[in-house]
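Letters go in sequence order (proteins before strands), and every chain restarts at 1.
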Amino acid sequence: MTDKLSRRDFLKVVGAGAATAAVLTGCGPASRYVTREPYTKMPEYNYNGQSTYFATTCRECAAGCGLIVRTMQGRAIKTEGNPYHPVNLGKTCARGQATLQGLYNPDRLRNPVRNSRGESYQTGEKDWTEINWDTAIEVVAQALKDPAGVQFLLGPAPDHLFDLVREICKTIGAPAPIRFGALGMFEARVTLGEAARAMFGRPDTLFFDLANADLVISFGANFLETWISPVAYTRGYSKMRKQRTRGILVQLEARLSQTAAKADLWHPIKPGSEGLVAAALGKLYAEQKFGIAPAAFEAVDVAAAAEAAGLQLEALENLTALLLDADRPLVIPGGAALAHEHGLEIAKAILALNALLGNLGKPGGVFHTPVSPLGEEYRRPASLREMAELVERMKAGKIKTLFVHGVNPVFELPQALGFQAALEKVPTLISFATFPDETAMLADYILPDHHGLESWGYQRVTDGTGQAMLSGAQPVVAPFYNTKSTVDVLLAAAGLPFKDEVEYLQNQVAPLVEQTGGFYSAADLPSFWALFQQFGGWWKNDVSLSAPNAAGATEKKLNLKAVEASEQHEEFHLLVYPSPILAEAGANKPWLQEIPDPMTTVMWNSWIEINPHTAEELGLHNDDVVRVVSPFGAVEVSVYKYPAIRPDVVAIPFGQGHTAYGRYAEARGINPADLFGPNFNEAGDLAFADLKVRIEKTGKKRELSRLESKLGVYGEGMEEH
Amino acid sequence: MQRVFELLKKKEIQLLLLIAFMVILSGGAWALYQTQIPPEQPIQFPHDIHVQLQIQCLYCHPGAQRQASAGLPTQQKCWACHGQLRKYWDPAAPVPLEQWPVELQKLAGYVERNEPIPWVPVYIVPDHVHFNHRPHIAAGFACEQCHGDMSKQKVAELQQTINMGWCITCHQQNSVNDPQKRIKLIDCGTCHY
Amino acid sequence: MAISASALPHAHAEEHHAHDHEAELRREHLMLDPKPRGELNAMVMESMTSTSWKFWVVAGILAVIVAVALFGAWGYMISEGLYLSGKNRPGYWSLFLVHTVFWVGISHAGTFVSALLRVFKVEFRRPFTRAAELMTTFALAQAGIQIFAHMGRVWLAYWMFPIPNQRQLWVNFQSPLMWDFLAINTYLLASTMYLFLPLIPDLAMARDRSTGWRKSVYRILALGFRGTEAEWTHLRIALNIFAFAILPVMFSVHTIVSWDFAVAMRPGWSSTIFGPYFVIGALQSGVAAVGMVVIVIRYTMKHMDYFIRKEHFDAIGKLMLVISMGWAYFFFNDYMIQWYGGDSFTDALLHFHEAGPGGWIWFMMLITNVAIPWLVLWNKAWRRNPVLLFSVGLLINVGMWAERYIIVPVSLQINRMPFLWGQDFRPGIEVPIFIGTVAFFVLLYMLASRFLPLVPVWEVQEGQMAHSIRRYGKEPVVSVAELE
Amino acid sequence: MASLPKIPEYKAEWAEGEAGRWGIAIDMDLCTGCQACVAACSMENNVPFVGEHDAGYGRQMAWIRVERLWEGEYPEVKATPFQPVMCQQCGAAPCEAVCPVFATVHSQAEQINLQVYNRCVGTRYCANNCPYVARVFNWADYSNYPEPLANQFNPDVTVRRRGVMEKCTFCIQRIHKATDQAKAEGREVRDGEVQPACAQACPADAIVFGRLDDPESKVSKLSKDKRAIKLLEDLGTQPRVTYLKGGYHGNLG
């Protein structure tokens with residue numbers, strides 16, 4: 001890792017002349033003349049300033065978009081979308097673009113370390129001693145010798161690590177690994193999967209064919225922001241709008257999200273009433289189309305549903321008219337809509353409505369996601385209830401060694417779950433984190449993995465595309481620091497018969513060589529492997545979506561309830577949504593911090609959105625710090641008077657509030673997960689949308705950095721005449 | 001004030017002032033000279049010998065034809081020839097490494113350690129200028145028009161004062177009869193972005 | 001030598017007690033209270049050379065302020081970047097430009113008082129033309145400092161000069177900033193020469209009455225002036241030419257300064273009224289500043305109570321009043337133009353002026369620029385009260401600063417993209433730099449007062465020679481002989 | 001020197017209704033406000049971040065911003081369509097006329113507005129005069145990143161230091177690369193061959209870049225669409241960025 005000609009050397013070389021030239025011309029010499037040793041020996045043209053492009057897979061979320069990374073002289077310079085990749089077809093989101101700032105983050109972990117559980121343990125202070133990798137592997141190997149006490153907790157990406165860990169656990173007889181990600185929690189993926197199992201007989205996150213629908217009614221699905229596979233769904237949205245007759249988008253949610261801002265029609269319905277609204281729509285639609293409502297919707301009282309949702313009856317009738325008018329209507333269940341006590345029923349109602357509309361397996365309708373070419377069955381992330389069970393096991397002292405990779409449970413899990421407290425009962429916590437996140441700070445050993453752009457791997461991509469595919473990852477630059485691939489560590493520690501990660505991966509993808517209908521084919525594994533790296537994965541040319549089994553979907557009775565009206569006037573529904581820019585792990589990338597939130601244009605901090613009228617009633621102004629109190633916790637956060645949110649709802653974005661995780665993330669904003677309690681819905685997902693909070697004034701003020709002008713946009717500061 | 005005038009009349013003071021002036025002047029000259037000396041190279045590469053051996057410029061600097069930077073050879077390229085020179089590798093009487101010329105020993109060292117040779121660029125333009133070799137070669141310029149006759153230089157030295165006046169004068173002279181070309185050649189955005 | 005008789009103001013005031021009246025006239029008017037030539041010269045020389053320790057204490061404090069607040073802060077800003085100032089988007093320009101216009105405005109009146117009054121042969125000008133001209137030059141220097149501080153890369157300021165170069169780079173004569181640059185340079189040159197010309201006889205006088213280093217410096221500066229008839233004739237001709245020539249320069253300079261704003265494509269700025277509005281605004285602040293300077297000189301320097309009298313306060317007060325009325329007219333015009341043909345953004349801007357967070361500044365501007373001068377300066381006794389006049393002058397300058405503040409940073413908050421209208425605006429390092437320039441201005445003035453005759457002795461003598469009191473019956477009548 | 005003919009004078013010469021060379025069309029119906037363009041632009045063009053205080057104080061450096069305003073009051077409230085605003089590369093640019101040193105000039109060759117960083121003296125007049133507020137100023141040396149963050153800098157783009165103005169360049173480094181390549185292959189640049197970072201990243205395909213002087217290109221067709229508007233068109237700045245307003249059959253409600 002030598003800087004062959006660093007900026008300083010360059011200045012030395014050309015002496016005072018260049019230094020003054022730099023000052024005089026206003027341009028620093030930083031961008032050129034910085035070279036690094038590349039991963040493989042650089043081809044000569046690379047020394048000469050020509051770029052090399054590597055295909056890999058984005059690790060910023062689990063959607064698995066394909067990236068092409070431009071590298072030059074051993075440096076990764078720019079990420080672009082992989083134009084062949086079926087998920088994103090050459091496009092990226094802001095997080096994908098900023099992934100380089102993770103790679104070059106100044107706060108990355110550089111060495112394997114041991115953290116003694118001394119006094120500093122609780123405060124998260126560093127008391128680290130560097131260890132070498134042989135010791136590290138020995139530690140892991142020792143831990144694996146007690147299989148009953150081993151528990152792996154993995155993130156949603158990468159899949160090859162999960163496959164390996166699962167195999168290891170199976171071999172040594174340890175409990176199966178658990179995967180968790182905060183985005184999955186906010187999308188209530190488990191609930192959606194369970195609803196699909198109940199309605200269609202197969203658990204699945206389902207594929208919603210936005211591109212071909214001409215009317216989309218979305219129950220709070222923020223598919224333009226973070227929902228499941230945002231780049232793919234944004235493309236679907238774009239195609240929907242570009243159809244011969246422009247598709248119509250209707251958004252039903254309490255707050256005008258970024259997705260709702262693009263909707264033609266937005267109805268701020270009360271949280272928890274989504275199922276009733278769906279059922280009422282189904283009833284009205286069926287009655288007008290077929291003259292009779294199916295069993296699922298029969299029982300619903302339309303007027304009462306409208307009342308519960310805070311809608312005019314007229315609005316429901318208009319929506320029904322739109323549905324009757326549409327050729328290819330589609331209804332999408334969003335995460336917050338399902339995160340209620342009876343979320344599973346809501347999901348079922350929405351899926352039943354789709355079935356009623358007859359769009360199952362039709363263009364512009366609902367499909368089962370394609371089966372991965374590796375032939376895997378549906379694998380969902382852990383629900384919050386399962387995480388709570390894990391915490392129970394930790395508390396009971398059943399877990400001797402907890403391995404954590406790709407997930408930051410101390411930050412992402414609600415504090416009320418007691419994960420952090422339970423860690424004290426776990427003798428050894430080993431983190432494979434790339435960054436010094438909250439969990440890593442509490443670990444006994446941190447054995448840092450490479451950054452995603454320095455890593456091999458693959459990701460099964462089942463959402464966002466109809467083509468069965470396996471997305472491949474490869475290192476685009478040489479690892480910067482003394483980090484080691486977790487797969488290599490585990491291979492060495494578990495003594496598996498693979499030389500290294502690449503051999504393991506080749507072994508995994510070997511079955512694909514036999515498969516037909518691929519984007520490319522190769523005679524043998526080495527040629528296939530080369531092509532797999534070249535194109536950043538392997539996928540089938542044809543769309544292989546299957547229609548859900550609609551039989552009886554509308555005939556099952558639903559048990560829908562309205563959320564009881566709030567008794568106390570000063571209580572508000574709290575809507576927590578993942579920040580569209582930061583999502584779960586973007587907070588340590590300064591450019592993501594500085595990208596304004598699409599709706600509020602706030603940068604670098606957290607805020608609470610309150611309806612201006614409500615704020616006026618409470619005597620609150622912009623930037624006033626309020627104390628948000630739930631039965632399980634409290635946070636202090638600045639007010640943003642948001643003109644498009646229900647007066648009885650307040651909203652806080654999730655993504656900030658780190659206590660560790662590097663200089664750009666630390667001590668910035670608040671973590672709304674601190675407010676959540678252990679309330680689950682029938683499927684086990686966190687019922688976070690049921691949460692009610694009180695708002696207390698603190699008298700403090702903390703100004704939010706926003707891009708928009710309060711004067712120009714809201715007229716603030718101009719006296720009314 | 002009066003005293004200052006009086007002081008200025010003294011010979012010693014005048015001499016002192018002169019010395020101070022000379023020191024400042026020579027300091028400036030030294031600083032200017034520092035910017036002009038060729039940089040220290042890791043290997044004292046003799047261009048003249050290689051040019052006399054009829055090796056084309058583009059063999060070692062192939063980038064000039066295709067891209068912005070002409071490129072500097074890697075140790076593999078050097079070793080491709082030096083690794084089989086009959087002079088040293090004659091199977092009958094191979095010369096041991098210690099008896100090779102010092103500069104070649106350095107090269108062998110880089111090859112052995114598999115390290116890239118940290119060549120120091122001689123012709124450098126500031127970060128705000130984006131020079132591109134390809135169009136210049138495509139327009140039919142010979143290397144020596146800018147880089148001088150390399151058969152007379154050992155280690156590469158700067159043959160031109162590389163500044164904007166030099167660039168723009170040449171650009172104008174070469175677009176006298178072609179207004180279309182001139183528009184492109186004197187456009188600020190052609191080099192500065 | 002033509003002789004014309006004209007009644008001076010107050011000449012017909014009271015009729016009984018003719019002798020008292022004549023004495024009063026002589027007490028009132030400097031021109032009617034002649035002193036021998038030698039005595040006048042000695043008085044001026046003494047005022048220049050007698051310096052108390054208090055002077056040096058004040059000068060020392062000012063020098064420290066200049067070193068720290070002006071050059072220290074400025075140097076720090078150059079090395080760190082303009083983020084130290086309060087500028088942002090959309091307030092790309094702010095206090096530095098306010099202060100530039102402020103100082104240019106002050107510098108205006110020096111030449112105005114001197115040249116315009118000279119052209120119109122206004123007699124009360126004679127004792128304080130020098131003081132006003134010095135103000136022009138020193139205030140322009142402060143304006144220069146402010147405009148350089150404004151630049152992002154001040155070390156490249158020489159690129160503004162059209163210097164032929166090998167790189168074939170040129171300056172853009174389309175840019176109002178270029179016009180401004182040239183106009184201010186022209187003005188600086190012209191006003192410095194206009195300062196210097198009438199200085200020559202006084203420097204010669206000082207040369208003949210001093211010794212040591214002073215004498216050698218005065219000898220060089222006096223250019224060998226001996227006071228022959230031919231020299232006086234040349235000087236008078238040159239002065240006449242300059243007085244006429246400098247007037248259009250002076251008006252054009254501030255018009256061109258206004259074009260920096262008026263030519264820009266911004267709501268509220270793009271207005272034809274800006275030229276005269278800026279000129280009158282400059283006069284407003286400048287004349288007020290002359291008043292302040294004259295009062296300070298009178299009460300701090302020796303013998304100045306002879307040269308500067310209440311009649312001068314009175315005259316300057318009247319000027320201030322008239323100019324304040326003119327300013328109010330143009331201010332009103334700005335709204336008139338908007339009323340019959342403005343666009344919605346300008347509407348928003350004008351509303352923002354008084355209803356925005358800076359609204360109190362807008363009201364303060366109107367009070368100090370219009371209300372107070374109109375209320376105070378009508379009254380002759382109040383006009384002649386130095387404390388009141390000084391306060392009004394100070395308030396007018398505060399008001400004119402507020403006017404520029406409203407034109408630059410406040411107006412910049414409103415543009416055509418409401419999404420990026422102003423956020424907030426906080427002054428930063430501009431404040432110490434401004435304090436530094438004020439200190440620098442005073443310091444320069446103080447040092448100059450030790451070196452240059454602040455009263456043009458020869459002009460005063462010339463006036464006194466031309467004035468006489470004749471008697472028609474019992475009535476004393478003031479007559480002025482015109483020296484041509 | 002004497003033998004050299006006169007240099008064509010450097011000034012923005014434009015003809016009424018002239019198409020221009022490069023252009024962008026932005027479909028506001030498709031733009032989802034996701035800010036991918038902002039991130040992509042910043043990464044490609046070495047745009048620095050400035051930190052919380054300066055960002056909130058109106059010193060954010062991004063060359064492109066996504067605007068949205070509000071209409072109406074709850075519950076009839078609506079956000080206006082997201083509108084990405086970058087330098088409009090005006091044919092008759094107000095910024096060019098006011099720069100005293102020609103640091104912002106019209107490129108005769110590419111028909112866009114150039115900002116020549118090394119010529120800029122920092123008067124900021126251009127930014128004042130830009131009706132689109134598309135220019136940003138380097139108030140400090142924001143690019144002095146902690147190591148090794150500076151490794152991400154794109155060598156094709158100058159890293160700006162304090163005291164200079166900057167703005168969107170239509171990714172002129174990519175234009176140069178593509179034209180250079182096309183010239184070497186003896187052909188014209190193909191439509192879609194050059195893509196600025198924003199258009200390349202845009203997940204909704206809302207941003208389309210191409211040749212305006214080629215009537216067959218996608219962007220010139222879009223800019224003649226009946227939904228096409230120019231920003232602040234009445235100022236006569238002849239922007240090269242076209243916005244497509246409304247949907248194919250208008251909005252509901």
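The residues A/Arg70 and D/Asp156 are annotated as salt-bridged, a charged nitrogen and a carboxylate oxygen being separated by less than 4.0 angstrom. Salt-bridge annotation for A/Arg241 and D/Asp27: absent, with no side-chain N of the basic residue lying under 4.0 Å from a carboxylate O of the acidic one.
Proximity to chain A (any heavy atom under 4.5 Å) is restricted, for D/Met28, to the backbone atoms N, CA, C and O. Heavy atoms closer than 4.5 Å to chain A are found in both the backbone and the side chain of D/Val50. For chain D, no part of A/Arg108 is nearby; none of its heavy atoms comes within less than 4.5 Å. No part of A/Pro230 comes within reach of chain D, as not one of its non-hydrogen atoms sits under 4.5 angstrom from that chain. Only the side chain of D/Glu73 comes within contact range of chain A, with at least one heavy atom under 4.5 Å from a heavy atom of that chain. Contacts of A/Asn611 with chain D are made by side-chain atoms alone, with heavy-atom separations under 4.5 Å and no backbone atom involved. The contact between D/Ala199 and chain A is made entirely by backbone atoms, counting heavy-atom distances below 4.5 Å. In this structure, chain D has no heavy atom under 4.5 Å from any part of A/Tyr233. Contacts of A/Met240 with chain D are absent, with no heavy-atom separation under 4.5 Å from either backbone or side chain. Using a 4.5 Å cut-off between heavy atoms, A/Thr226 does not touch chain D at all.
Taking every heavy atom of both residues into account, A/Met603 and D/Ala55 meet most closely at CE-O, 3.6 Å. Closest heavy-atom contact between A/Ala644 and D/Trp70: CB-CZ3, 3.7 Å. Residue A/Pro643 comes nearest to D/Tyr74 through the heavy atom pair O-CB, 3.6 Å, listed as atom of the first residue, atom of the second, then distance. Summarising the geometry of D/Cys202 relative to A/Lys91, their closest heavy-atom pair is O-CD, 3.0 Å, with the distance given to 0.1 Å. Taking every heavy atom of both residues into account, D/Phe82 and A/Pro598 meet most closely at CE2-O, 3.6 Å. Between D/Cys34 and A/Ala94, the shortest heavy-atom distance links the atoms O-CB, 4.2 Å.
With a 4.5 Å cut-off on side-chain heavy atoms, D/Leu149 and A/Pro590 count as touching. Counting heavy atoms from C-beta on, the side chains of A/Glu708 and D/Leu69 never come closer than 4.5 Å. Under the 4.5 Å side-chain criterion, counting only non-hydrogen atoms from C-beta, A/Tyr642 is not in contact with D/Val77. D/Val47 is listed as a side-chain neighbour of A/Trp591, based on a closest heavy-atom distance under 4.5 Å. Counting only heavy atoms from C-beta outward, the side chains of D/Gln35 and A/Pro580 never approach each other to under 4.5 Å. Side-chain contact check for A/Leu707 versus D/Arg65: some heavy-atom pair is nearer than 4.5 Å. Within the 4.5 Å cutoff, side-chain heavy atoms of A/Lys242 are placed close to those of D/Asp205. The side-chain heavy atoms of D/Arg68 and A/Thr601, taken from C-beta on, include a pair separated by under 4.5 Å.
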Chi angles and distances behind the side chain to side chain contact (heavy atoms under 4.5 Å, CB included) call for A/Gln101, D/Phe49: CA-CA 12 Å; A/Gln101 292 202 325; D/Phe49 56 88; 4.2 Å; yes

Candidate pair A/Glu80 and D/Arg174, rule salt bridge (Lys or Arg N to Asp or Glu O under 4.0 Å), full reasoning: CA-CA 14 Å; A/Glu80 310 287 3; D/Arg174 295 186 177 204; 2.8 Å; yes

Test side chain to side chain contact (heavy atoms under 4.5 Å, CB included) applied to A/Ile77 and D/Gln152, step by step: CA-CA 5 Å; A/Ile77 285 169; D/Gln152 75 181 58; over 6 Å; no

Audit row: D/Lys78, A/Leu256, side chain to side chain contact (heavy atoms under 4.5 Å, CB included) steps and yes/no: CA-CA 9 Å; D/Lys78 233 165 81 179; A/Leu256 189 95; over 6 Å; no

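More than 12 heavy atoms of other residues, nucleotides or ligands sit less than 6.0 Å from atom NZ of D/Lys221. Surrounding NZ of D/Lys183 are at most 12 heavy atoms belonging to other residues, nucleotides or ligands under 6.0 Å away.
Of the possible polar contacts, one joining the A/Ser705 side chain to the D/Glu52 backbone as a donor-acceptor pair under 3.5 Å is found. Looking at A/Glu594, its side chain never comes within 3.5 Å of a backbone N or O of D/Gln60 through a donor-acceptor pair. A/Lys262 places no side-chain N or O within 3.5 Å of a backbone atom of D/Leu30 that could act as its donor or acceptor partner. Panel note: side chain A/Arg235, backbone D/Pro203; no donor-acceptor pair is recorded below 3.5 Å.
Remark: D/Glu44 CD to A/Lys78 NZ distance equals 5.5 Å, nearest 0.5 Å. Atom OG in A/Ser238 sits 9.0 Å away from atom CG in D/Asp29 (nearest 0.5 Å). Rounded to the nearest 0.5 Å, atoms CE (A/Met72) and CG (D/Asn151) are 13.0 Å apart.
Checked against side chain to side chain donor-acceptor pair (under 3.5 Å), D/Gln181 has the following partners two or more places apart in sequence or in another chain: B/Arg134, D/Glu185.
No other option in A/Pro612, A/Gly90, A/Pro106, A/Ala98 has as many heavy-atom pairs under 4.5 Å with chain D as A/Pro106. Interface summary for chain A: among D/Ala201, D/Cys31, D/Pro75, D/Cys37, the most heavy-atom pairs under 4.5 angstrom belong to D/Ala201. Ranked by heavy-atom pairs under 4.5 Å with chain D, the list A/Pro647, A/Gly236, A/Gly96, A/Cys93 is led by A/Pro647. When each of A/Arg706, A/Arg646, A/His613 is scored by its heavy-atom pairs under 4.5 Å with chain D, the top score falls to A/Arg646. Chosen from A/Leu704, A/Leu592, A/Ile645, the residue pairing most often with chain D at heavy-atom distances under 4.5 Å is A/Ile645. Considering only heavy-atom pairs separated by less than 4.5 Å from chain A, the leading option among D/Gly122, D/Gly163, D/Ser42 is D/Ser42. Listed options D/Pro146, D/Ala79, D/Gly56, D/Ala40 were ranked by heavy-atom pairs under 4.5 angstrom with chain A; first place goes to D/Ala40.
For residues 126-140 of chain D, an interface with chain A (any heavy-atom pair closer than 4.5 Å) does not exist.
A/Tyr104 has its ring centre no less than 6.0 Å from the ring centre of D/Tyr145.
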